[in-house]
Structure formats: C-alpha cells, structure tokens
Undergrad: 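Would you mind keeping the following structure in view while I ask a few things?
As a basis for the values below, the full set of heavy atoms in this structure was taken, side chains included, without hydrogen atoms, waters or symmetry mates. Note that the structure is a prediction, hence the values are computed from the model and not measured.
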Amino acid sequence: MKNLKTLLLIAVFTLGVAGIANAQKVGHIDFEKLVAEMPQTKALKLDIEKLGKTYQDEIKGMAKKLDAKRKKYIAESEAQTKDTNDQRALELQKEGATYEKTRQFAYQDMQKQQNEKLSPIIEKAEKAVQAVAATKGLLYIMDSSKGKGLLVSKGEDIFNAVKAKLGF
C-alpha cells in the first residue's frame with residue numbers, strides 16, 4: 001500500500017512537471033507586423049505604388065481626352081446632323097466603356113501583382129518562424145496580430161528572434 005501511494009505521488013508529480021514543461025513550449029508573434037517590417041514587403045509596397053501611379057496617370061489622361069471630346073461634341077451638336085450626333089454619342093459610349101475596362105484592369109493587375117509577390121515573402125516569414133520555434137523548442141506559435149484572438153500572451157514572444165533570423 002505504501003508503495004502504491006509512493007508510485008501515485010511520483011506519477012502525479014511527473015505529470016504535473018510535464019504539464020508545466022508543455023505550457024512553456026508556446027510562443028507568440030505578431031505575424032502581420034513581421035511581414036510588414038520585412039525589407040521585401042517595403043520594396044513591394046514601393047513597386048505597387050509606382051505601378052499605381054503609372055496606371056493613375058494613364059487613366060487620368062484617358063479621362064481628360066474623353067471629357068474634352070465630350071465637351072467638343074456637345075458644343076458642336078447644334079451644327080451637326082442627327083446621324084452625326086448619334087454616331088458621336090456611340091463613339092463616346094465606346095470610349096467610356098474602354099475607360100472603365102482600363103480602370104478595372106489596372107485595379108485587378110495591381111491586386112494580382114501584390115498577391116503574387118507577397119506569397120513568397122509570407123512563405124519566407126513562415127519558414128523563419130518555424131526555424132526559430134524549432135531552435136527554441138517551442139511546440140505552438142500563436143499569432144498575436146490584431147484581431148487574431150490571442151487573449152493572453154504569457155508564452156515567449158519570438159518576434160525579435162525571427163527578425164534576426166531573417167536578417168533585419
């Protein structure tokens with residue numbers, strides 16, 4: 001009976017220590033902040049802004065030309081025949097549709113480029129997080145970014161370690 005109590009006490013103590021050890025194998029990182037601070041993300045942001053400026057200039061030029069043509073046709077409409085005015089209205093309608101398609105294409109292209117170029121950056125960050133977690137013996141890494149649901153952050157914050165692993 002005495003041996004059973006001793007074995008039971010040892011088992012409880014061992015399980016308790018194992019539970020404490022597992023609790024300390026949890027870390028957290030603000031993953032959004034990590035990705036945002038990566039030099040590749042900052043370079044991507046500049047590239048997307050430059051592309052956006054290019055598209056914006058092109059679209060503004062198209063809008064100016066379309067507006068100028070519309071004003072000219074309105075001013076000349078009294079002196080033109082109904083057929084000419086109808087033809088001009090159709091022309092303006094087609095150019096307006098081209099303008100809208102160009103705007104939509106620009107937006108979609110910028111989104112596509114950002115997503116394509118951001119994927120490898122995120123992948124690199126994830127690999128660095130996994131490497132740091134393995135080095136530190138952490139079993140779980142929680143994302144402490146805003147709105148991700150981390151209520152208590154008593155685990156180890158590996159943000160700076162991952163930044164160092166990524167070299168920035």
Undergrad: Under a 4.0 Å threshold between the charged nitrogen and the carboxylate oxygen, would Lys53 count as salt-bridged to Glu49?
TA: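 So Glu49 does not pair with Lys53 through a salt bridge.
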Undergrad: Taking all non-hydrogen atoms of both residues into account, name the closest pair between Glu58 and Thr102 and its distance.
TA: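 Scanning both residues, the minimum pair turns out to be OE2-CG2, 3.9 Å.
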Undergrad: Check the pair Asp83, Thr81 against side chain to side chain donor-acceptor pair (under 3.5 Å), reporting the backbone distance first and the verdict last.
TA: CA-CA 5 Å; Asp83 286 343; Thr81 66; 5.4 Å; no
Undergrad: Can you tell if the side chain of Lys50 reaches within under 4.5 Å of the side chain of Leu46, non-hydrogen atoms only?
TA: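 With C-beta onward as the side chain, the pair stays apart.
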Undergrad: Judged by atom type as modelled, is there a donor-acceptor pair below 3.5 Å linking the side chain of Ser145 to the main-chain atoms of Glu32?
TA: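 Answer holds: yes.
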Undergrad: Rounded at 0.5 Å granularity, tell me how far CD in Glu91 sits from CG in Asn85.
TA: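 It comes to 11.5 Å.
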Undergrad: Might you point out which heavy atoms bring Leu44 and Ile121 nearest each other, and give the distance in Å?
TA: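 Where Leu44 meets Ile121 most closely, the heavy atoms are CD2-CD1, 4.2 Å.
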Undergrad: With a 4.5 Å limit on heavy-atom distance, are the side chains of Tyr99 and Arg103 in contact?
TA: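 Yes, at least one pair of side-chain atoms sits under 4.5 Å.
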Undergrad: For the residue pair Ile48 and Lys45, establish whether any side-chain heavy-atom pair is separated by less than 4.5 Å.
TA: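 In short, these two side chains do not touch, never coming nearer than 4.5 Å.
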Undergrad: Just so I know, are the side chains of Lys65 and Glu95 near enough to count as touching, which here means a heavy-atom distance under 4.5 Å?
TA: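 Not touching, per the 4.5 Å side-chain cut-off.
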Undergrad: Would you say the side-chain atoms of Thr41 pair up with the backbone N or O of Glu37, donor to acceptor, closer than 3.5 Å?
TA: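 A pair under 3.5 Å: no.
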Undergrad: Is there a side-chain contact between Val132 and Ile29 (heavy atoms, below 4.5 Å)?
TA: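 No, too far: nothing below the 4.5 Å cut-off.
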Undergrad: Say you draw a straight line from CZ of Arg88 to NZ of Lys69; how long is it, rounded to the nearest 0.5 Å?
TA: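 Arg88 atom CZ to Lys69 atom NZ measures 9.5 Å (nearest 0.5 Å).
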Undergrad: Please determine whether the number of non-hydrogen atoms from other residues, nucleotides or ligands lying under 6.0 Å from atom NZ of Lys163 exceeds 12.
TA: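 Yes, the 6.0 Å shell around NZ holds more than 12 heavy atoms from other groups.
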Undergrad: Using 0.5 Å steps for rounding, measure from the NE2 atom of His28 to the CD1 atom of Ile158.
TA: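 Going from NE2 on His28 over to CD1 on Ile158, the span is 9.0 Å.
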Undergrad: Between Ala131 and Lys165, what is the shortest heavy-atom contact and its length?
TA: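 Taking every non-hydrogen atom into account, CB-CE, 3.6 Å.
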Undergrad: Does some side-chain heavy atom of Leu34 sit less than 4.5 Å from a side-chain heavy atom of Phe168?
TA: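 With C-beta onward as the side chain, the pair touches.
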Undergrad: Mind listing the closest non-hydrogen atom pair of Ala128 and Val162 along with its distance?
TA: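 Closest approach of Ala128 to Val162, heavy atoms only: CB-CG1, 3.8 Å.
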Undergrad: CD of Gln87: more than 12 outside heavy atoms within 6.0 angstrom?
TA: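 No, because the 6.0 Å sphere around CD of Gln87 holds 12 heavy atoms or fewer from other groups.
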Undergrad: Of all heavy-atom pairs between Leu66 and Gly96, which one has the smallest distance, and what is that distance?
TA: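 The pair with the smallest heavy-atom distance is CD2-CA, 3.8 Å.
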Undergrad: Report the distance from atom CD of Gln40 to atom CG of Asp47, rounding to the nearest 0.5 Å.
TA: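 Between atom CD of Gln40 and atom CG of Asp47 there are 12.0 Å.
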Undergrad: So, taking the atom named NZ in Lys25 and the one named CG in Leu138, what distance separates them when rounded to the nearest 0.5 Å?
TA: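 Between atom NZ of Lys25 and atom CG of Leu138 there are 9.0 Å.
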Undergrad: Would you say Gln108 and Lys112 make side-chain contact, with heavy atoms under 4.5 Å?
TA: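 No, too far: nothing below the 4.5 Å cut-off.
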Undergrad: Atom OG of Ser119 and atom CD of Gln114: how far apart are they, to the nearest 0.5 Å?
TA: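 The CD atom of Gln114 is 10.5 Å from OG of Ser119, to the nearest 0.5 Å.
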Undergrad: Are Leu118 and Leu51 connected in a single hydrophobic cluster, I mean Ile/Leu/Val/Met/Phe/Trp/Tyr linked by side-chain heavy atoms less than 4.5 Å apart?
TA: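 In one cluster: yes.
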Undergrad: Decide yes or no for Asp86 and Lys82: does some side-chain heavy atom of the first lie under 4.5 Å from some side-chain heavy atom of the second?
TA: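 With C-beta onward as the side chain, the pair touches.
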Undergrad: Applying a strict under-4.5 Å side-chain criterion to I, L, V, M, F, W and Y, I'd like to know whether Met142 and Leu139 cluster together.
TA: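 Yes, same cluster.
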Undergrad: So Tyr55 and Phe105, side chain to side chain contact (heavy atoms under 4.5 Å, CB included) or not? Walk me through it.
TA: CA-CA 10 Å; Tyr55 278 136; Phe105 173 80; 3.4 Å; yes
Undergrad: Apply side chain to side chain contact (heavy atoms under 4.5 Å, CB included) to Lys127 and Glu123, showing your working.
TA: CA-CA 6 Å; Lys127 285 180 182 177; Glu123 195 173 302; 3.7 Å; yes
Undergrad: Which atoms form the tightest heavy-atom contact between Thr84 and Gln80, and what is the distance?
TA: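 Between these two residues, the closest heavy atoms are CG2-OE1, 3.3 Å.
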